[in-house]
Enquirer: 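Please find one structure pasted underneath; my questions will follow.
Quick note: residue numbers are just sequence positions, from 1. Side-chain atoms are counted along with the backbone in the values below, which use heavy atoms only and exclude waters and symmetry mates. Here the structure is a predicted model, which means the values were calculated and not measured.
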Amino acid sequence: MKKQTKPLYGQHNTTAYLFLLPWLIGLFCLTLGPMVASLYLSMTKFNLLSSPTWTGLSNYVHIFTEDDTFRRSLGLTFYYVFLSVPLRLAFALLVAMALNKGIRALGIYRTVYYIPSLLGGSVAIAIVWRQLFEGNGLVNQFLGWFGISGPSWIAHPDYVVYTIITLSVWQFGSAMVIFLAGLKQIPADLYEASDVDGAGKIRQFFGITLPMLSPVIFFNLIMSMINSFQAFTPAYVIGDGRGGPLDATMFYTLYLYLKGFSFFDMGYASALAWIMLIIIGVFTAIVFVTSRFWVFYGDNQEGR
């Protein structure tokens, strides 16, 4: 009888690890390593010029008890996230449904609407946006045609955050493309059957479209929320890098940046970064936990 040979598991594992090696190096050297270093620095006093001095939890205690700018920047960031994310997703879904009507040259429209998402995070677009909403910018020139004298949107503390929210909504392209792909996966038989039952468009939207699209909404919600919590470039450019006017653009990430690279308090900035990491983790966990009540997969009408 022919003797069986054992498979060379060791050689197979070695080959697999060699292919994984670039990713593993990136994980430990560019992600986990800096995270551990940041956690250590968050408990030190470190100005980038001298060695870190261990201070324990003093940075965190000062943040939560004495730092008024922290509370204002966190409140402003929450306000931005809770307004911009629903508006962006709603607008992206609206455009996706309009493009899902079998229009001609769909690829061209999809590309045109996606371009803002490719350019929206750049400094150049933020500069253009700033010029649009200046006192003599194109927006006020347009309003002037109707006899409306608009304010300097970026110089007024009550209005400047809405220009940044508008920029965020304008970057709806990536969410729109994902929504469009999800809409094309909904079986047409469901709409035909509902037409036979006499369901109108509104009932079809809430009874078929939203439930069948809920996994896509879940994904877009998570990604948009995380990105919005980390918004930086528009606030930096429109607020002249100082959070102006009157801290109206002092987003959390901008405050973190100023603490670390303008005031050279890297230990304090690291503590701020870890607080934001925990906040994003908590909100992401809440969305995951609550998704079992509103996200539906296939024929499972009771959620996950």
Side-chain angles (χ1 to χ4, degrees), residues 78-121 125 162 164-231 279-304:
F78 280 150
Y79 185 76
Y80 169 77
V81 171
F82 292 151
L83 275 184
S84 65
V85 171
L87 288 175
R88 184 195 307 167
L89 294 185
F91 196 70
L93 179 56
L94 179 65
V95 175
M97 292 182 65
L99 294 179
N100 195 42
K101 299 299 183 182
I103 62 174
R104 301 177 63 180
L106 175 61
I108 297 177
Y109 286 105
R110 187 166 49 195
T111 302
V112 169
Y113 286 129
Y114 187 68
I115 288 176
S117 293
L118 298 177
L119 304 176
I125 291 299
Y162 297 107
I164 301 177
I165 291 174
T166 305
L167 175 57
S168 174
V169 175
W170 181 66
Q171 301 168 10
F172 67 91
S174 58
M176 180 269 297
V177 170
I178 297 173
F179 276 136
L180 186 58
L183 288 170
K184 291 187 176 300
Q185 299 302 315
I186 300 177
D189 296 344
L190 296 178
Y191 293 103
E192 294 173 359
S194 64
D195 286 334
V196 173
D197 292 337
K201 296 299 182 182
I202 296 179
R203 188 174 178 182
Q204 287 180 347
F205 176 75
F206 288 101
I208 299 176
T209 305
L210 284 185
M212 296 297 294
L213 208 59
S214 58
V216 179
I217 297 174
F218 172 72
F219 174 80
N220 276 335
L221 175 61
I222 291 290
M223 300 305 297
S224 296
M225 182 181 65
I226 293 175
N227 290 333
S228 295
F229 269 117
Q230 301 177 81
I279 291 173
I280 293 176
V282 168
F283 276 91
T284 303
I286 290 173
V287 175
F288 267 94
V289 170
T290 58
S291 66
R292 62 187 300 267
F293 300 106
W294 59 274
V295 178
F296 306 96
Y297 294 93
D299 296 329
N300 181 13
Q301 295 302 312
E302 296 182 357
R304 295 197 301 174

Enquirer: Just verifying a value: how many Å separate Asn100 CG and Leu183 CG, rounded to the nearest 0.5 Å?
Expert: 5.0 Å

Enquirer: Restricting to non-hydrogen atoms, name the atom on Phe205 and the atom on Met97 that form the minimum distance, rounded to 0.1 Å.
Expert: CE1-SD, 3.5 Å

Enquirer: Check the orientation of Phe78 and Phe283. Use parallel for under 30°, tilted for 30 to 60°, and perpendicular for over 60°.
Expert: tilted

Enquirer: State whether the side chain of Ser224 and the backbone N or O of Leu221 hold a donor-acceptor pair below 3.5 Å, judged by distance alone.
Expert: no

Enquirer: Any donor and acceptor pair, going by atom type alone, linking the side chain of Ser214 with main-chain N or O of Phe296 inside 3.5 Å?
Expert: yes

Enquirer: As an exercise, state the distance from CG of Asn220 to CZ of Phe179, rounded to the nearest 0.5 Å.
Expert: 4.5 Å

Enquirer: Is the closest side-chain heavy-atom distance between Leu190 and Gln204 below 4.5 Å?
Expert: no

Enquirer: What are the two closest non-hydrogen atoms of Thr290 and Trp294, and how far apart are they?
Expert: O-CD1, 2.9 Å

Enquirer: In sequence, state the C-alpha distance, the side-chain angles, and the governing distance for Leu83 and Tyr162, and then conclude on side chain to side chain contact (heavy atoms under 4.5 Å, CB included).
Expert: CA-CA 9 Å; Leu83 275 184; Tyr162 297 107; 4.2 Å; yes

Enquirer: Stepwise, does the side chain to side chain contact (heavy atoms under 4.5 Å, CB included) test hold for Leu210 with Leu93?
Expert: CA-CA 10 Å; Leu210 284 185; Leu93 179 56; 4.1 Å; yes

Enquirer: Identify the heavy atoms of Ser228 and Val85 that sit nearest to each other, and give their distance.
Expert: OG-CG2, 3.4 Å

Enquirer: Just verifying a value: how many Å separate Met176 CE and Leu89 CG, rounded to the nearest 0.5 Å?
Expert: 13.0 Å

Enquirer: Would you give the length of the straight line joining atom OG of Ser291 to atom CD1 of Ile286, rounded to the nearest 0.5 angstrom?
Expert: 12.0 Å

Enquirer: Starting at OG of Ser174, measure out to CZ of Arg88 and round the result to the nearest 0.5 Å.
Expert: 7.0 Å

Enquirer: Quick check for you: to the nearest 0.5 Å, what is the distance between Lys201 atom NZ and Tyr191 atom OH?
Expert: 9.0 Å

Enquirer: Ignoring hydrogens, what is the shortest heavy-atom contact between Phe206 and Pro211? Give both atom names and the distance.
Expert: O-CD, 3.4 Å

Enquirer: Can you tell me which residue among Ile217, Thr284, Asn227 is in a side-chain contact (heavy atoms from CB on, under 4.5 Å) with Ile222?
Expert: Thr284

Enquirer: Taking the six-membered ring where the residue is Trp, are the ring centres of Phe288 and Phe218 under 6.0 Å apart?
Expert: yes

